[in-house]
Amino acid sequence: MVPDLIFVAEAFRRFNAEIFRSSLPVPRFALTRARRFQGKLVYRRERTLRGMRCHDFEMRISTEFNLATEEWEDVVIHEMIHLYVAVEGLADSGPHGHVFRSLMTEINGRHCRKVTVSGHATDEQRDTGHRVTGHFVCLARFSDGRLGLATVAKTRLFELWVSLGRFPGVVAMRWVGTSDPWFSRYPKALKARLYIVAEEEVTPHLKGAVLFERTGNAIKCVSRRCSPDELLP
């Protein structure tokens, strides 16, 4: 996924409550097209009679990378650790010194996160930031209301288009194309198989997806834009 301001603000609100006990001030959020970093916290430092004061915080998130939702959450948490260090006036041995690393290690262990030290993009990430793996996804509605999902190998697309339509209990189907990496968690289907998923879990990852239709031996993308709700069977 590519983050937007709603995602960044909601991730900050959630982790401020879960990890930092709602102690962090809400910074400004900004999107950038920087390719040198995925996230960065910038602020002003002012010397006062009581010592150094940090203020005017802004969290910048780059839209030049397509990462999994969990990875973007870790980027936000990384910048929140910087914010915590600045707000608390903690003296550290460097930008990612012993204080930062200690907090990061504690958060990763206690909250099962994978925050890393560097918020900068590697050469490989800069080179592959927009090389997104595409997915052909079948969404199937069962007669009891449950939602099934299958990511389908391109070589089996026509075959499974038919066999999944005949899957026991399936009453409606939609076929979509998406580049959201969330779908990578499901193995490419080589035979008719559906995974039961929660509708509220899959719907956010259908943003930007396209609808496919089959006519005879041709599968074509529907030209009109569809909302995530329209893509559900």
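All residue numbers in this chain count up from 1 along the given sequence. Quick caveat, the model's predicted, so the values are computed rather than measured.
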Is a side-chain donor or acceptor of [X] paired with a backbone partner of [Y] at a separation under 3.5 angstrom?
X	Y	result
Ser62	Ala34	yes
Glu88	Val85	no
Thr203	Glu200	no
Asn16	Arg21	no
Arg13	Ala17	no

Quiz item: What distance separates Ile77 CD1 from Tyr84 OH, expressed to the nearest 0.5 Å?
Solution: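 The distance works out to 15.0 Å.
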Indicate the atoms forming the closest heavy-atom contact of [X] with [Y], along with that distance.
X	Y	answer
Val170	Phe142	CG2-CE2, 3.9 Å
Ala150	Arg193	CB-O, 3.3 Å
Ala140	Leu194	CB-CD1, 3.9 Å

Quiz item: Can we say Arg113 and Glu18 salt-bridge, meaning some charged N sits less than 4.0 Å from an Asp/Glu carboxylate O?
Solution: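 So Arg113 does not pair with Glu18 through a salt bridge.
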Quiz prompt | Lys/Arg N to Asp/Glu carboxylate O, Arg44 vs Glu46, below 4.0 Å | solution =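 Glu46 and Arg44: not salt-bridged.
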Exercise. Could you pull out all residues at least two apart from Phe57 that satisfy ring-ring contact (aromatic ring centres under 6.0 Å, His included)?
Key: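 In terms of ring-ring contact (aromatic ring centres under 6.0 Å, His included), with neighbours along the sequence ignored, Phe57 is linked to Tyr43.
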Practice problem: List in chain and number order the residues that pass ring-ring contact (aromatic ring centres under 6.0 Å, His included) with Phe167, two or more places apart in sequence or in another chain; answer none if no residue qualifies. | Solution: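 Residues passing ring-ring contact (aromatic ring centres under 6.0 Å, His included) with Phe167: none at all.
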Exercise. Please step through salt bridge (Lys or Arg N to Asp or Glu O under 4.0 Å) for the pair Asp56 and Arg28, ending with a clear verdict.
Key: CA-CA 8 Å; Asp56 199 19; Arg28 293 191 307 275; 2.5 Å; yes
Quiz item: Would you find more than 12 non-hydrogen atoms of other residues, nucleotides or ligands less than 6.0 Å from Phe183 atom CZ?
Solution: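 More than 12 heavy atoms, drawn from other residues, nucleotides or ligands, come within 6.0 Å of this atom.
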Quiz item: Within a radius of less than 6.0 Å around CD1 of Ile196, do more than 12 heavy atoms belonging to other residues, nucleotides or ligands occur?
Solution: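 Buried by this count: over 12 neighbours within 6.0 Å.
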Quiz prompt | Verdict with reasoning, His78 to Phe37, per ring pair (Phe, Tyr, Trp, His ring centres under 6.0 Å) | solution = CA-CA 12 Å; His78 176 112; Phe37 62 84; over 10 Å; no
Do [X] and [Y] belong to the same hydrophobic cluster, where Ile, Leu, Val, Met, Phe, Trp and Tyr are linked whenever their side-chain heavy atoms lie under 4.5 Å apart, directly or via other members?
X	Y	answer
Val42	Met80	no
Val171	Leu160	no
Leu232	Tyr195	yes

Practice problem: Verify salt bridge (Lys or Arg N to Asp or Glu O under 4.0 Å) between Arg14 and Glu10, making sure each step is shown before the conclusion. | Solution: CA-CA 6 Å; Arg14 172 188 165 193; Glu10 174 56 26; over 6 Å; no
Self-check item: CA sep, side-chain torsions, deciding dist, call: Thr116, Asp74, side chain to side chain contact (heavy atoms under 4.5 Å, CB included)
Solution: CA-CA 8 Å; Thr116 59; Asp74 288 338; over 6 Å; no
Quiz item: With ring centroids as reference points, do His135 and His205 lie under 6.0 angstrom apart?
Solution: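 Centroid separation for His135 and His205: 6.0 Å or greater.
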Quiz item: Are Phe12 and Phe29 near enough that their ring centres are under 6.0 Å apart?
Solution: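 Yes: the rings meet the under 6.0 Å criterion.
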Quiz prompt | Step-by-step salt bridge (Lys or Arg N to Asp or Glu O under 4.0 Å) determination, Asp92 to Arg101 | solution = CA-CA 10 Å; Asp92 207 349; Arg101 290 170 184 264; over 6 Å; no
